[in-house]
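First the structure, in the form of structure tokens, and then the observations on it.
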Protein chains: 2
Amino acid sequence: MFLSKSFGYALRGVLYVALVDKEGRKVQLDEIAEKLSVPRHFLAKIMKTMVKEDILSSTKGPYGGFFKNDQTLKTRIIHLVKITDGIEQFNTCVLSLRKCNSKNPCPLHFQMLRLRDDMLAEFSAKTIGDLLDEKNPDFIKSISAIA
Amino acid sequence: MFLSKSFGYALRGVLYVALVDKEGRKVQLDEIAEKLSVPRHFLAKIMKTMVKEDILSSTKGPYGGFFKNDQTLKTRIIHLVKITDGIEQFNTCVLSLRKCNSKNPCPLHFQMLRLRDDMLAEFSAKTIGDLLDEKNPDFIKSISAIA
DNA sequence: CGGATAAAAGACACAAGCATCTTTTTTAAT
DNA sequence: ATTAAAAAAGATGCTTGTGTCTTTTATCCG
């Protein structure tokens, strides 16, 4: 809809790493890509970004892989949106008007403002940890079953 | 954000035609494109679609152009969304999961559902006529001032 | 130890697909 | 014949996806 595939891959990627971490092991790119049915190299770029942003950690070499760190569970959804899709899009007028603001509103200005604030509030409040805490027995299925 | 430029052009296009119609004249593509600062040929495709959908009418030839018809003011915003961006996107999971539904929800399912319903309600309720009725002295400016 | 090997992430470059925008040609009304 | 819409084909740019190479590091073997 309004969030890119990159965002979806990022979120599912982090969640998968966090889940595997509970089993006390690191997880490799190949496994994530396969389990989530996501293009390997494309995912690599996203995972790399998340490591750089300190949302996850990783080590190279044999028995290396991605794993949870102190920040992982505290990461807000909005952060993932920022590093994948960017946040500017939420501030641009639906009608592509540059001069659209509350003093000189486009015909849909206030409606969209409300929707936008609602969404930002949602994404700013929730963290990765929150999502994991929500009871859902089929959680792994729900992040991997794309077929 | 989540609506394409096509949608924005469509809405501004209809509004402009409806406004000019009050002056009792038809309006040509060139004028619309120029006043709204929109790519002429791209707008043409969109206007054509709206005519086909009976949201507007048009005549060819000299003194031809686009003009309001019986349906124009009754048209709901959601109709414009349908013919530009399509409505299916609102029903697809943010995480691109095919099997995401209320029985097997993805981690963001219910949040997104709420946002979606909210937006659809908004767009289903409002018509082109409603937007025109909202008092705004600078209405023309607001749909054209893109610079 | 210490170098060779293998396993993993990371970097680079490019190809496909789609939305957006432009140019040109065709069709039709007056 | 002139004017304007309609159609079609081409160009650009961004998102998504692929293939190949490089760098890092744990382990094995002497």
Side-chain angles (χ1 to χ4, degrees), chain A residues 1-10 12-14 16-17 20 25-34 36-67 69 81 83-86 88-89 92 94-96 146, chain B residues 1-10 12-13 17 20 25-34 36-67 69 81 83-86 88-89 92 94-96 146:
Chain A
M1 175 160 46
F2 29 52
L3 295 174
S4 69
K5 292 204 176 181
S6 295
F7 166 79
Y9 294 166
R12 291 201 283 145
V14 189
Y16 190 82
V17 171
V20 166
R25 65 180 178 94
K26 299 199 204 62
V27 60
Q28 282 123 32
L29 186 63
D30 279 328
E31 177 181 333
I32 310 175
E34 195 195 345
L36 305 188
S37 298
V38 157
R40 187 190 184 285
H41 297 291
F42 193 61
L43 179 64
K45 206 161 67 177
I46 297 166
M47 297 300 287
K48 181 188 63 181
T49 306
M50 291 199 287
V51 169
K52 198 164 56 184
E53 290 280 329
D54 202 35
I55 293 169
L56 286 175
S57 295
S58 70
T59 59
K60 293 182 177 184
Y63 301 94
F66 295 90
F67 55 96
N69 68 22
V81 175
I83 65 177
T84 53
D85 299 12
E88 313 76 34
Q89 50 168 340
T92 61
V94 215
L95 304 186
S96 319
I146 196 173
Chain B
M1 175 161 42
F2 30 54
L3 294 174
S4 69
K5 292 201 176 179
S6 295
F7 167 78
Y9 295 165
R12 291 201 282 146
V17 171
V20 166
R25 66 180 177 96
K26 301 199 205 62
V27 61
Q28 279 124 35
L29 188 63
D30 278 329
E31 178 181 335
I32 310 175
E34 194 195 345
L36 305 188
S37 299
V38 156
R40 186 191 183 285
H41 300 285
F42 193 63
L43 179 63
K45 205 161 70 176
I46 297 165
M47 297 301 285
K48 181 188 64 180
T49 306
M50 291 199 285
V51 169
K52 199 164 57 184
E53 290 279 328
D54 202 35
I55 293 169
L56 285 175
S57 296
S58 69
T59 58
K60 296 178 175 185
Y63 303 97
F66 296 90
F67 55 96
N69 67 20
V81 176
I83 67 177
T84 52
D85 299 13
E88 314 76 34
Q89 51 167 339
T92 61
V94 216
L95 304 186
S96 319
I146 196 172

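In what follows, chains are A, B, ... by sequence order, proteins preceding strands, each numbered from 1. Source: prediction; values computed, not measured.
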One should read off an interatomic distance between A:Leu36 CG and A:Glu31 CD, to the nearest 0.5 angstrom, of 9.0 Å
Which distance, rounded to the nearest 0.5 Å, do you find between the OG of A:Ser6 and the CZ of A:Phe42?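 That separation rounds to 3.5 Å.
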Using a 3.5 Å distance criterion without hydrogens, assess whether the side chain of A:Lys26 forms a donor-acceptor pair with backbone atoms of A:Ser58. no
Separation of atom [atom1] in [X] from atom [atom2] in [N], rounded to whole Å:
{"X": "B:Asp85", "N": "C:dC18", "atom1": "CG", "atom2": "P", "answer": "16 Å"}
{"X": "B:Leu29", "N": "D:dA6", "atom1": "CG", "atom2": "C1'", "answer": "11 Å"}
{"X": "A:Phe42", "N": "C:dC14", "atom1": "CZ", "atom2": "P", "answer": "19 Å"}
{"X": "B:Leu43", "N": "D:dA4", "atom1": "CG", "atom2": "P", "answer": "16 Å"}
{"X": "B:Lys26", "N": "C:dT30", "atom1": "NZ", "atom2": "C1'", "answer": "11 Å"}
{"X": "A:Glu34", "N": "C:dA8", "atom1": "CD", "atom2": "P", "answer": "13 Å"}
{"X": "B:Glu31", "N": "D:dA5", "atom1": "CD", "atom2": "P", "answer": "11 Å"}
{"X": "B:Ile46", "N": "D:dA7", "atom1": "CD1", "atom2": "C1'", "answer": "15 Å"}

Could you please name the option among [options] that lies closest to any side-chain atom of [X]?
{"X": "A:Phe66", "options": "D:dT20, C:dA9, D:dA5", "value": "C:dA9"}
{"X": "A:His41", "options": "D:dT20, C:dC21, D:dT16", "value": "D:dT20"}
{"X": "A:Gln28", "options": "C:dC21, D:dT16, C:dA9", "value": "C:dA9"}
{"X": "B:Ser6", "options": "C:dT20, D:dG17, C:dA9", "value": "C:dT20"}
{"X": "A:Lys5", "options": "D:dA6, D:dT16, C:dG10", "value": "D:dT16"}

Most 5' of A:Gly61 and B:Pro62 on DNA chain D, judged by nearest nucleotide: B:Pro62
Do A:Thr59 and A:Phe67 come close enough that some side-chain heavy atom pair is under 4.5 Å? yes
Can you tell me if the side-chain N/O atoms of [X] get under 4.0 Å from OP1 or OP2 in [N]?
{"X": "B:Thr59", "N": "D:dA4", "result": "no"}
{"X": "B:Thr84", "N": "C:dA19", "result": "no"}
{"X": "B:Tyr63", "N": "D:dT2", "result": "no"}
{"X": "A:Tyr9", "N": "D:dT16", "result": "no"}
{"X": "A:Lys48", "N": "C:dA11", "result": "yes"}
{"X": "A:Lys45", "N": "C:dC12", "result": "no"}

Which sits closer to the 5' end of DNA chain C, B:Ser4 or A:Gly65, going by the nucleotide each is nearest to? A:Gly65
Quick one: do A:Val38 and A:Ile32 satisfy side-chain contact (heavy atoms from CB on, under 4.5 Å)? Show the steps, please. CA-CA 8 Å; A:Val38 157; A:Ile32 310 175; over 6 Å; no
Looking for any heavy atom pair under 4.0 Å, which part of the strands does A:Lys60 touch: base, sugar-phosphate only, or nothing? base
Do B:Ile55 and B:Ile83 pass the side-chain contact (heavy atoms from CB on, under 4.5 Å) test, and can you show the C-alpha distance, the side-chain angles, and the key distance before you say yes or no? CA-CA 11 Å; B:Ile55 293 169; B:Ile83 67 177; 3.9 Å; yes
